[in-house]
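Below: one structure, written as structure tokens.
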Amino acid sequence: MLTLSTHLNTYLVIGAVLFGFGIFGLVRRPSLIGMLISVELVLSGASVNFMAFNHFLAPDPTVGQIITLFIMAIAAAEAAIALSIVLAVYRNYKSIETEDLVELKG
Amino acid sequence: MNPSLFSPEGLAGVIFLILICVTMIGAIIATCTTRLIRSVSGLAVCFVGVAGLYYFLNSPFVAMMELLIYVGAVCVTIAFAIMLAEPDEAKQARKITGLSGGLAAICGGFFAYALAYAAVNGKWMTPAVKRVNDGSLKEIGLSLLTRYSMVFELVSIVLLIAIVGALVLAQSGRDKA
């Protein structure tokens, strides 16, 4: 139990569980910001997987770290864009619930 | 093979278990609470745990970046967006039916189980070649400025476009508010 940190499978299962929580939140959340939070969980699950393979299996151990840094940059850009879209939607509809956003042409 | 609890390895194992618990509790808070601001706090807790996992994976630089970018920037940005676009309380109460929660649990559980099953049962082979470097911060910097310099520049352009695009998107419709 105390040597869990030296096994590849531990990290892979953690990444899978984070991904599963992200999908769970994506389906369950009724609001746009809640879905964005779940997307961040999905991305971090993918990052954990990359870092685990990088540490245990990769011949060049910088590759996974660099990919994780790029994932972080893309996630930050995605969060900024998504939140400004959420603000624009809120100004037009006075709501960020997905059920209220049913008009196609505003 | 099992170290005693008070040896350095045993204490590291205990810290690792605590980090797993922090990550999982953060993920549960992020997905299961009703109020969005609690959800963002759970996300921050979850990212702190993930940063600790990165530290155990021998990359303290990525762990620091996780703390800086996710906890320090992304979570704060989402918190600002929640403050600017706060949905009213009565509307929130009528949502979340039982069916949607059950369906979500089935979907998430299926994905998590499938991925974990594939991960545990996969035959991961250690590569035949020896490691070319130790993955230290110096090596990351060298790789970023030599082999991955093109991607590095492209990411900077993506971030610039994201900043400008976020400003343009948030600015449109400002007069209607």
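First the proteins, then the strands, lettered A, B, ... as listed; each starts at 1.
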Could you grab the distance from atom CD1 of Ile23(A) to atom OG1 of Thr31(B), nearest 0.5 Å is fine?
12.0 Å
Ala166(B) to Ile81(A) - nearest heavy-atom pair and separation:
N-CD1, 3.8 Å
For chain A, the option from Val151(B), Val40(B), Thr23(B) that forms the most heavy-atom pairs under 4.5 Å:
Val151(B)
Can you tell me how far apart CG (Leu83(A)) and CG (Leu84(B)) are? Round to the nearest 0.5 Å.
9.5 Å
Whatever's closer than 4.5 Å to a heavy atom in chain A on Val14(B) counts as both
Relative to chain A, which of Cys32(B), Gly109(B), Cys46(B), Ala73(B) shows the most heavy atom pairs under 4.5 Å?
Cys32(B)
Atom group of Phe19(A) that falls short of 4.5 Å from chain B, counting heavy atoms
side chain
Can you tell me which portion of Ile20(B) sits under 4.5 Å from chain A's heavy atoms? Options are side chain, backbone, both or neither.
side chain
Using every non-hydrogen atom in the two residues, find where Asn9(A) and Ala119(B) come nearest and quote the distance to one decimal.
OD1-O, 3.6 Å
Which of Val48(A), Val86(A), Ile74(A) touches chain B most, by non-hydrogen pairs under 4.5 Å
Val48(A)
I'd like to know if the side chain of Arg28(A) and the backbone of Gly102(B) have a donor-acceptor N/O pair within less than 3.5 Å.
no
Measuring heavy-atom distances to chain B, does Ser47(A) have an atom under 4.5 Å in its side chain, in its backbone, in both, or in neither?
both
Counting the benzene-type ring for Trp, do Tyr54(B) and Phe50(A) have ring centres under 6.0 Å apart?
no
The interface call for Phe56(B) against chain A, heavy-atom contacts under 4.5 Å, is both
Nearest 0.5 Å, please: how far is CZ in Arg29(A) from OG1 in Thr34(B)?
7.5 Å
Counting heavy-atom pairs under 4.5 angstrom with chain B, the leader among Thr68(A), Ile14(A), Val17(A) is Ile14(A)
In Å and rounded to the nearest 0.5 Å, what is the CD1 to CG distance from Ile69(B) to Leu69(A)?
7.0 Å
Step through the shown structure and confirm whether more than 12 heavy atoms of other residues, nucleotides or ligands are within 6.0 Å of CE on Met83(B).
yes
Most contact-rich option vs chain B, by heavy-atom pairs under 4.5 angstrom, among Ile66(A), Asn54(A), Leu18(A), Leu8(A), is Ile66(A)
Name the orientation class of the two ring planes belonging to Phe70(A) and Phe152(B) (parallel below 30°, tilted from 30 to 60°, perpendicular beyond 60°).
tilted
Separation between OG (Ser44(A)) and CG (Leu53(B)), nearest 0.5 Å, reads 9.5 Å
Under 4.5 Å from any heavy atom of chain B - which part of Leu36(A)
side chain
Looking at Ile161(B), Leu142(B), Leu17(B), Ile106(B), which one has more heavy-atom pairs under 4.5 Å with chain A than the rest?
Leu17(B)
Looking at Arg91(A) and Ala170(B), would you say the former's side chain and the latter's main chain have a donor-acceptor pair under 3.5 Å?
yes
Could you state the interatomic distance from CD (Gln65(A)) to CE (Met65(B)), rounded to the nearest 0.5 Å?
12.0 Å
For Arg131(B) against Phe56(A), the heavy-atom pair lying closest together
NH2-C, 3.7 Å
If you count heavy-atom pairs under 4.5 Å with chain B, which of Gly15(A), Ala73(A), Ala58(A) comes out on top?
Ala58(A)
For Ser59(B) and Met51(A), run side-chain contact (heavy atoms from CB on, under 4.5 Å): C-alpha distance rounded to whole Å, both residues' side-chain angles, the deciding distance at 0.1 Å, then the answer.
CA-CA 9 Å; Ser59(B) 37; Met51(A) 290 295 285; 2.7 Å; yes
Does Val155(B) belong to the same Ile/Leu/Val/Met/Phe/Trp/Tyr cluster as Met72(A), with side-chain heavy atoms less than 4.5 Å apart forming each link?
yes
Would you say Leu87(A) ends up clustered with Val164(B) if hydrophobic residues are merged whenever their side chains have heavy atoms under 4.5 Å apart, either directly or through other cluster members?
no
Which atom names give the shortest non-hydrogen contact between Leu159(B) and Ala77(A), and what distance separates them?
CD2-CB, 3.9 Å
Okay, Ile28(B) and chain A: the region with an atom under 4.5 Å from a heavy atom over there is both
Are Val71(B) and Ile78(B) co-members of a hydrophobic cluster defined by side-chain heavy atoms under 4.5 Å apart?
yes
With a 4.5 Å cut-off on heavy-atom pairs, point out which of Pro59(A), Gly34(A), Ala75(A), Gly64(A) contacts chain B the most.
Pro59(A)
Heavy-atom proximity to chain A below 4.5 Å, by part of Phe80(B)
neither
Membership question, hydrophobic clusters at under 4.5 Å side-chain separation (ILVMFWY): are Val120(B) and Tyr11(A) in the same one?
yes
CA sep, side-chain torsions, deciding dist, call: Phe47(B), Glu40(A), side-chain contact (heavy atoms from CB on, under 4.5 Å)
CA-CA 10 Å; Phe47(B) 284 147; Glu40(A) 298 292 337; 4.0 Å; yes
Run the side-chain contact (heavy atoms from CB on, under 4.5 Å) check on Thr62(A) and Asn133(B) step by step: do they pass?
CA-CA 8 Å; Thr62(A) 60; Asn133(B) 57 51; 3.8 Å; yes
Nearest atoms (heavy-atom pairs only) where Leu57(A) meets Met125(B)
CD2-O, 3.7 Å
Among Leu167(B), Asp134(B), Val158(B), Leu144(B), the residue with the most heavy-atom pairs under 4.5 Å to chain A is Leu144(B)
Check the hydrophobic clustering (I, L, V, M, F, W, Y; side-chain heavy atoms under 4.5 Å; chains of links allowed) and say if Val45(B) and Ile15(B) are grouped together.
yes
For a quick test of reading the model, state the closest non-hydrogen atom pair linking Ala30(B) to Leu41(A) and the distance between them.
CB-CD1, 4.2 Å
Interchain contact, Val50(B) with chain A, by part (heavy-atom threshold 4.5 Å)
side chain
Looking at Gly165(B), Gly26(B), Ala81(B), which one has more heavy-atom pairs under 4.5 Å with chain A than the rest?
Ala81(B)
Identify which of Val27(A), Leu26(A), Ile85(A), Val13(A) forms the greatest number of heavy-atom pairs closer than 4.5 Å to chain B.
Val27(A)
Contact part of Val168(B) toward chain A, heavy-atom cut-off under 4.5 Å: side chain, backbone, both or neither?
neither
Mind running side-chain contact (heavy atoms from CB on, under 4.5 Å) on Phe24(A) and Phe111(B) for me, showing each step along the way?
CA-CA 9 Å; Phe24(A) 170 67; Phe111(B) 272 103; over 6 Å; no
Which bit of Ile140(B) is near chain A, if near means a heavy-atom gap under 4.5 Å: side chain, backbone, both or neither?
both
Mind checking whether Trp124(B) and Phe53(A) have ring centres under 6.0 Å apart?
yes
Most contact-rich option vs chain A, by heavy-atom pairs under 4.5 angstrom, among Glu9(B), Arg147(B), Lys130(B), Met24(B), is Met24(B)
